[in-house]
Amino acid sequence: MRIVIVDSYADMSVTAARLVRNAIVERSRLVLGLATGGTQVGMYRELVRMHKEEGLDFSGVITFNLDEYLGLGPGDPTSYYTYMHENFFNHVNVKPENIHIPDGKTLDPEATCRAYEEAIAAAGGIDLQILGIGVNGHIGFNEPGTPFDSVTRPVNLTRSTILANKRFFLSEDMVPRRALSMGIKTIMNARRIILLASGRGKARAIAGTVEGPVTCELPSSVLQLHPDVTLIIDREASSLLRGRYRVQGTEDSPGLAAEV
Ligand code: PGA
């Protein structure tokens, strides 16, 4: 696991966007797994800037989003469909037919999830998966207790996630209780993973992810078993790491890089 510790949310966003850009430059038909949440907004903003000012070309990129609330979709201001279009897709040249977001309005969630897995396989698998992390260590909507062999499926949200996400809704009652989410196995099958975290609220989950036991009680800890994971975290999110990490500057990162 490679850890890049940066000073701020802005540095985390730029560092992550640069890694995504480099991956697209290396492989124009990149299969890119995408995440939503407050953490990712700055990275999308920087990718949009790179597209508009530097001509970063997304025309070959195929995207798969991690998750969607069950019951929400296009037209719902709080759906991940809307988040992705407002923050990213409306401003870059990803082809609409190359955008995949689980259909939260589906009448047959199980079949929709099976088809989602098939679409990922048909695209050749995910080359680069972007992740956020919940305060409870969830990745996607894989809540504590999720088996490591899980694939895309309907899930129930925990109370901790409902409380964490209610800031995006008018009231807690309006937060959907169910979602469709890629599974842990789906995520672990990605060839490369980048996880972003910012702020003190994520420090405990980050400490467990890096230094805790691998356990389904902290879903993100499974990333210790993946051969190519980069964590990009700000100082606050790194504040409960106990190990002494070697600190080094990197040319492409505005912050500090440490390896474990
Ligand atoms: P956040 O969500 O970026 O809004 O904190 C992250 C997550 O729950 O994965």
Side-chain angles (χ1 to χ4, degrees), residues 1-5 12 16 33-40 64-69 102 113 116-117 120 125-126 128-165 175 177-246 258-260:
M1 192 178 276
R2 181 176 149 74
I3 304 181
V4 179
I5 301 173
M12 175 197 75
L34 293 174
T36 49
T39 309
Q40 315 291 336
F64 287 91
N65 265 80
L66 280 168
D67 45 20
E68 175 63 284
Y69 292 111
C113 290
Y116 205 69
E117 285 285 330
I120 293 171
I126 293 171
L128 173 60
Q129 176 68 54
I130 308 296
L131 296 177
I133 185 171
V135 289
N136 63 3
H138 74 199
I139 46 177
F141 273 135
N142 295 293
E143 303 284 28
T146 301
F148 288 167
D149 63 356
S150 52
V151 295
T152 306
R153 71 217 181 284
V155 295
N156 296 318
L157 304 189
T158 59
R159 176 129 184 89
S160 148
T161 295
I162 291 164
L163 290 177
N165 288 6
V175 185
R177 268 43 183 173
R178 302 191 77 207
L180 306 178
S181 179
M182 281 189 200
I184 298 280
K185 186 172 164 192
T186 322
I187 292 169
M188 290 292 281
N189 278 343
R191 286 181 264 281
R192 189 172 172 209
I193 295 174
I194 295 176
L195 182 145
L196 309 187
S198 168
R200 244 192 184 284
K202 301 292 173 67
R204 184 178 297 275
I206 288 297
T209 303
V210 178
E211 296 171 341
V214 176
T215 164
C216 62
E217 292 313 314
L218 189 80
S220 53
S221 65
V222 75
L223 298 174
Q224 291 177 27
L225 306 179
H226 191 284
D228 192 347
V229 176
T230 302
L231 265 51
I232 305 174
I233 58 179
D234 66 10
R235 283 185 191 276
E236 290 193 351
S238 76
S239 58
L240 292 180
L241 288 171
R242 296 154 79 92
R244 292 172 57 83
Y245 298 101
R246 191 160 57 85
E259 304 262 0
V260 284

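All heavy atoms count here, side chains included; hydrogens, waters and symmetry mates do not.
Looking only at distances, a side-chain donor or acceptor of Arg177 sits under 3.5 Å from a matching main-chain atom of Val175. Using a distance-only test at 3.5 Å, with no hydrogens or angles considered, a donor-acceptor pair links the side chain of Ser221 to the main chain of Thr215. A donor-acceptor pair under 3.5 Å is formed between the side chain of Glu117 and the backbone N or O of Thr152. A donor-acceptor contact shorter than 3.5 Å links the side chain of Ser150 to the backbone of Ile184. At least one donor-acceptor pair under 3.5 Å links the side chain of Gln224 to the backbone N or O of Thr209. Of the possible polar contacts, none joining the Asn142 side chain to the Ser181 backbone as a donor-acceptor pair under 3.5 Å is found. For the pair His226 (side chain) and Ala190 (backbone), a donor-acceptor distance under 3.5 Å is present.
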**OP:** Would you please test Val210 and Met1 for side chain to side chain contact (heavy atoms under 4.5 Å, CB included) and show each step?
**Re:** CA-CA 8 Å; Val210 178; Met1 192 178 276; 4.0 Å; yes
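Of all the heavy atoms in Ser220 and Ala205, the pair that sits closest is OG-O, 4.3 Å. Contact record, Ser198 with Met12: CB-SD, 3.9 Å, taken as the closest heavy-atom pair. The minimum heavy-atom distance linking Ala35 with Gly132 is given by the pair CB-N, 4.1 Å. Smallest separation of non-hydrogen atoms from Leu128 and Ile193: CD1-N, 4.5 Å. Of all heavy-atom pairs between Lys202 and Ala197, the closest is CB-CB, 4.2 Å. Closest non-hydrogen pair, Glu217 versus Pro144, comes out as O-CB, 3.3 Å.
Atom-to-atom distance recorded for Leu131:CG and Met182:CE is 9.0 Å, nearest 0.5 angstrom. From Arg204, atom CZ reaches atom OG of Ser239 across 10.0 Å, with rounding to the nearest 0.5 Å. From Leu231, atom CG reaches atom CG of Leu195 across 5.0 Å, with rounding to the nearest 0.5 Å. For the atom pair CG of Leu223 and CE of Met188, the computed distance is 6.0 Å after rounding to the nearest 0.5 Å. Rounding to the nearest 0.5 Å places CD1 of Ile133 at 4.0 Å from CD1 of Ile206. Considering CZ of Arg191 and CG of Asp228, their distance stands at 11.5 Å, rounded to 0.5 Å.
With no hydrogens or angles considered, no side-chain donor-acceptor pair links Arg159 and Asn136 at under 3.5 Å.
Taking the side chain as every heavy atom from C-beta outward, Ile187 and Val222 never approach each other to under 4.5 Å. The shortest distance between side-chain heavy atoms of Leu66 and Gln129 falls below 4.5 Å. Put simply, the side chain of Pro102 does not reach to within 4.5 Å of the side chain of Cys113, judged on heavy atoms. Two residues are said to be in side-chain contact when any heavy atoms from C-beta on lie closer than 4.5 Å; Ile233 and Leu241 meet this criterion. Arg235 is listed as a side-chain neighbour of Ile5, based on a closest heavy-atom distance under 4.5 Å.
In this view, Tyr116 and Phe64 satisfy the ring pair (Phe, Tyr, Trp, His ring centres under 6.0 Å) rule, not counting sequence neighbours.
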